[in-house]
Amino acid sequence: LAAISAYSGSGSAPTSAQYLAAGVVGVQAANVEAVNSYVASLAATATDSPAELQTVVNAYNAVVSAALANTGSHLTLPQLQALGLTGVTSANLPAIAAAIALANVDAVTSLASLQAVVTAAATQFSASTTALTTYAGNPVSAPSIENYKAAGIIGVTSANKAIIDLALATANPAPDR
């Protein structure tokens, strides 16, 4: 357990057998390198118990599952935080989960690559919610269908966008961001 917790990305990397000996399941030869990349990025105090390590492994496996199945609806804020990701909030979680689901599996196998997916989705979510709230307060330039999608609003199509824009423009009070 101590060797896993102390791993910082240099030196001897923990093996799947070491995880198993520490009581952590779900680490195999095929994913140990990826799991190690997440463990290495976390503080030793976040990985110094079997339960904490299991949480990281479970979170990693959930993210991979989302990317493989193209559905991120089961991802949770605590899972993404356990991996050391920043910029994830309860407000933008659906947009980030959707971006992870659409990502190539290679984009989730390291903290750096997954953080890039998360940062891009969070930035797009923020820009889109700004476009929506701006339009609600001053209905001059209607948001795009992509703005609605990136803000987590599904079902907006070219057939119903005008009525949705009207509802947003006449919302009283305008929705908070």
From Y60 atom OH to L114 atom CG, the distance as rounded to the nearest 0.5 Å: 10.0 Å
Verify same cluster id: V32, V24 (apolar side-chain graph, 4.5 Å): yes
Flag side-chain contact, heavy atom, 4.5 Å: P14 against V27: no
Heavy-atom pair with the smallest gap, counting every atom of A95 and F125: CB-CD1, 3.8 Å
Value rounded to 0.5 Å, distance of OG in S37 from CG in N31: 10.5 Å
Which atom of L85 lies closest to which atom of V88, heavy atoms considered: CB-CG2, 4.3 Å
Modelled atom types, side-chain donor and acceptor of N160 and T157, under 3.5 Å: yes
hydrophobic_cluster_shared for V39 and L20, side chain cutoff 4.5 Å: no
Gap separating the OH atom of Y19 from the CG atom of N36, nearest 0.5 angstrom: 3.5 Å
Shortest non-hydrogen separation from A142 to D165 and the atoms involved: CB-OD2, 3.5 Å
Any donor-acceptor N/O pair, T130 side chain to S126 backbone, under 3.5 Å: yes
Side-chain (Q115) to main-chain (T86) donor-acceptor, under 3.5 angstrom: yes
Nearest heavy atoms of A151 and S128, plus distance in Å: N-CB, 4.0 Å
ILVMFWY network linking L166 to Y135, side-chain heavy atoms under 4.5 angstrom: yes
Separation of L83 CG from S41 OG (nearest 0.5 Å): 8.0 Å
Under 3.5 Å donor-acceptor, Q54 side chain and P50 backbone: no
Report all side-chain donor-acceptor pairs from residues 71-79 shorter than 3.5 Å, counting only partners two or more places apart or in another chain.
{"unit_1": "T71", "atom_1": "OG1", "unit_2": "S73", "atom_2": "OG", "d": "3.4"}
{"unit_1": "H74", "atom_1": "NE2", "unit_2": "A62", "atom_2": "O", "d": "3.3"}
{"unit_1": "T76", "atom_1": "OG1", "unit_2": "Q79", "atom_2": "N", "d": "3.2"}
{"unit_1": "T76", "atom_1": "OG1", "unit_2": "Q79", "atom_2": "OE1", "d": "3.3"}
{"unit_1": "Q79", "atom_1": "OE1", "unit_2": "T76", "atom_2": "N", "d": "2.8"}

Single-linkage hydrophobic cluster, 4.5 Å side-chain cutoff, L93 and I154 together: no
Under 3.5 Å donor-acceptor, Q18 side chain and T15 backbone: yes
Side-chain donor-acceptor contacts of residues 96-106 below 3.5 Å, not counting sequence neighbours, with atom names and distances?
{"unit_1": "N104", "atom_1": "OD1", "unit_2": "D106", "atom_2": "N", "d": "2.8"}

K149 side, atom NZ; I153 side, atom CD1 - distance, nearest 0.5 Å: 12.5 Å
Over 12 foreign heavy atoms within 6.0 Å of CD, Q81: yes
Between CD on residue E52 and CD1 on residue I4, distance to nearest 0.5 Å: 12.5 Å
S65 (side chain) donor-acceptor with N61 (main chain) under 3.5 angstrom: no
V118 reachable from Y38 in the ILVMFWY side-chain graph, under 4.5 Å edges: yes
Backbone of A44 reached by a side-chain donor or acceptor of S5 within 3.5 Å: yes
Backbone N/O of S144 and side chain of N147: donor-acceptor pair under 3.5 Å: yes
For the student: nearest non-hydrogen atoms of L42 and A46, plus distance: CB-CB, 4.3 Å
Closest heavy-atom pair and its distance - S8, A40: C-CB, 3.5 Å
Chi angles and distances behind the side-chain contact (heavy atoms from CB on, under 4.5 Å) call for L1, L53: CA-CA 9 Å; L1 180 62; L53 284 169; 3.3 Å; yes
